[in-house]
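From a predicted model like this one, the values you see are computed outputs, not experimental measurements.
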Amino acid sequence: RIWLVFFWIFLKLQKISQKEFAKHLGISPISLTRYLYSKRFPEKKILEKIHKLTDGIVTANDFLSKSSDNDLLSRDDKTYISELLSNIRNCSRVHLAKCITMIESSLEKDKSKTEFLLQKLKPRDNSIRIGITGVPGVGKSTFIESLGIKLIEKGHKVAVLAVDPSSKKTGGSILGDKTRMEKLSINPSAFVRPSPSQGHLGGVAKKTRESILCLEEAGFDIIFIETMGVGQAETAVYDMVDVFLVLLLPSGGDELQGIKKGIIELADLIVVNKADSDLKKTAEITVRDYKTALSIIGNTDRNEKIEVLKCSSLHAEGVDDVWDFISEFINFRISNNLFFENRDDQRLRWLWEIINLKANEFINKNIKKKKITKKIENDVKTGELGLINASRLIFDYFSKK
């Protein structure tokens, strides 16, 4: 019972014991214990006192028997999750794929299994998470494969979460990134997982963070998050990586088209890709133009300078320079404790993202389908009720329940 946890937190914050709280209620500590563990249901006046003394944390509904998410799982389910976790820690790619499929599932049973699994995972700060973004056709998959192979040769274990846009009509995705990383996909020290965005904004899948935790549990120390390249909304990926890298084409139309506060100013590194053959000279000019533009924009809110490099992913030229920059960048942030502070901030942002997702699920399942909500919606359609008043009515009605 999650509310019971909040009750103990409340007592701790107020610095009072269970015995003292029982005294405020005018009952014995034994009676309070029976109420808390559903051995007896409190009288109305006791319920009112508990609600008032806990600042509304505990309500009458909390004393009704309700199953937690873990209670929805059978012993066999929990055993399965434990075995799955053991196989993941042994770096079984088959079980890792099954785990991520479960995480991405919308089935209620799989959601409960996922929460049970995630409770067993501990944050690991010994990996490097690299976000890769860029317009379609810039060569993100080729770049990741080229760099990934070099990192494996250096002894690293590389994982790739490649996000593809989903159809609004069917929810399906082509998921073609794995076919574009042929060498990396079959390498025993690599794991490539294409995932549908499922309409999630930010160029990342809805469960990308959870997948990252599983990959780290499996021992992958370099994790690429390849986004689908949809524009400025992709800044969401910045909140889950240690290095944010933007790939550009040599003089892709407007040379300074990428200078947008939504993406470029968040970038830690800008790489002009496809610097080969006839585009080699053009790529050098593009690099110079971006360096000039960045010097004009400035980076007063950052401790590090945004670097601009060029490379040819196809011929693996300049890829070593990219990794050298990433290594120096991470080492600098670790030495200044910025790396760990960033991870902590990301965990807090993830906390509120989970809360927002749960709130949206609750609204869709428990509010939108109610008769009173349908009546209010109809009144809005007919013009009998304004949007502001309608939203206030719905919120007030359900917040007071």
Side-chain angles (χ1 to χ4, degrees), residues 84 87-88 91-107 110 114 117 127-149 151-152 156-231 233-234 236-241 243-247 273 313-314:
L84 184 65
N87 284 307
I88 289 172
C91 202
S92 167
R93 297 198 293 178
V94 172
H95 290 89
L96 190 54
K98 288 182 178 180
C99 181
I100 295 178
T101 298
M102 181 184 74
I103 287 172
E104 293 174 347
S105 171
S106 58
L107 297 176
D110 286 336
T114 297
L117 170 70
S127 65
I128 299 177
R129 305 168 184 172
I130 305 172
I132 308 285
T133 189
V135 298
V138 74
K140 296 188 290 293
S141 298
T142 307
F143 173 80
I144 291 173
E145 180 168 68
S146 181
L147 179 55
I149 293 296
L151 292 175
I152 289 172
H156 294 284
K157 292 180 66 178
V158 177
V160 182
L161 294 174
V163 184
D164 275 359
S166 298
S167 166
K168 287 187 177 180
K169 292 184 178 180
T170 66
S173 297
I174 296 175
L175 304 179
D177 288 282
K178 196 164 186 175
T179 63
R180 292 194 291 268
M181 301 183 198
E182 295 179 359
K183 294 179 182 178
L184 208 58
S185 296
I186 62 175
N187 195 298
S189 295
F191 179 83
V192 180
R193 172 73 183 205
S195 298
S197 66
Q198 298 176 317
H200 190 58
L201 292 177
V204 292
K206 190 180 292 184
K207 299 295 183 179
T208 298
R209 286 187 176 91
E210 290 86 341
S211 299
I212 290 172
L213 291 183
C214 292
L215 292 170
E216 291 174 341
E217 196 72 22
F220 290 96
D221 59 333
I222 306 293
I223 300 173
F224 292 98
I225 296 94
E226 179 197 343
T227 70
M228 55 192 178
V230 294
E234 282 189 291
V237 74
Y238 181 78
D239 287 336
M240 61 181 74
V241 298
V243 180
F244 188 51
L245 190 155
V246 178
L247 279 181
N273 194 22
S313 301
L314 190 63

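The NZ atom of K98 sits 14.5 Å away from atom SG of C214, with the distance rounded to the nearest 0.5 Å. Rounding to the nearest 0.5 Å gives a distance of 12.5 Å between CG of L161 and CZ of R209. In this structure, K207 NZ and S106 OG are separated by 10.0 Å, a value rounded to the nearest 0.5 Å. Atom OG1 of T142 sits about 10.0 Å away from atom CG of L247, to the nearest 0.5 Å.
The salt bridge (charged side-chain N to carboxylate O under 4.0 Å, His left out) test applied to E217 returns R89, R124, not counting sequence neighbours. Under the rule for a side chain to side chain contact (heavy atoms under 4.5 Å, CB included), the partners of D221 that lie at least two apart in sequence or sit in another chain are H156, K157. Residues satisfying the side chain to side chain donor-acceptor pair (under 3.5 Å) criterion with T114, sequence neighbours excluded, are absent altogether. H95 is linked by a ring-ring contact (aromatic ring centres under 6.0 Å, His included) to nothing, counting only residues two or more places apart in sequence or in another chain. Shown here are the side chain to side chain contact (heavy atoms under 4.5 Å, CB included) partners of I186, two or more places apart in sequence or in another chain: there are none. Contacts of S313 classified as side chain to side chain donor-acceptor pair (under 3.5 Å), with partners at least two apart in sequence or in another chain: N273. For L314, the side chain to side chain contact (heavy atoms under 4.5 Å, CB included) partners at least two apart in sequence or on another chain are D276, S312.
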Go through the steps for N187 and V158 under the test side-chain contact (heavy atoms from CB on, under 4.5 Å), then give the verdict. CA-CA 10 Å; N187 195 298; V158 177; over 6 Å; no

Evaluate the criterion side-chain contact (heavy atoms from CB on, under 4.5 Å) for residue pair L117 and E210; output intermediate values, then yes/no. CA-CA 10 Å; L117 170 70; E210 290 86 341; over 6 Å; no

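Across all non-hydrogen atoms, the minimal contact from F220 to S127 is O-CB, 4.0 Å. Of all non-hydrogen atoms in V241 and G131, the two that sit nearest each other are CG1-N, 3.6 Å. Nearest approach of K183 to E145, heavy atoms of both residues: N-OE2, 2.8 Å. Counting all heavy atoms, side chain and backbone alike, I100 lies closest to S211 at CG2-OG, 3.6 Å. S189 approaches I152 most closely through the heavy-atom pair CB-CG2, 3.8 Å.
The closest side-chain heavy-atom distance from C99 to I103 is below 4.5 Å. Looking at R193 and L96, their side chains never come closer than 4.5 Å, going by heavy atoms from C-beta outward. Two residues are said to be in side-chain contact when any heavy atoms from C-beta on lie closer than 4.5 Å; L213 and E216 meet this criterion. Between I212 and I225, some side-chain heavy-atom pair lies under the 4.5 Å cut-off.
Side-chain N or O atoms of T101 include one that pairs as donor or acceptor with a backbone N or O of A97 at under 3.5 Å. Put simply, the side chain of K140 gets close to the backbone of G134: a donor and an acceptor are under 3.5 Å apart.
The aromatic rings of F244 and Y238 lie perpendicular to each other, with more than 60° between the two planes, well past the 30° mark.
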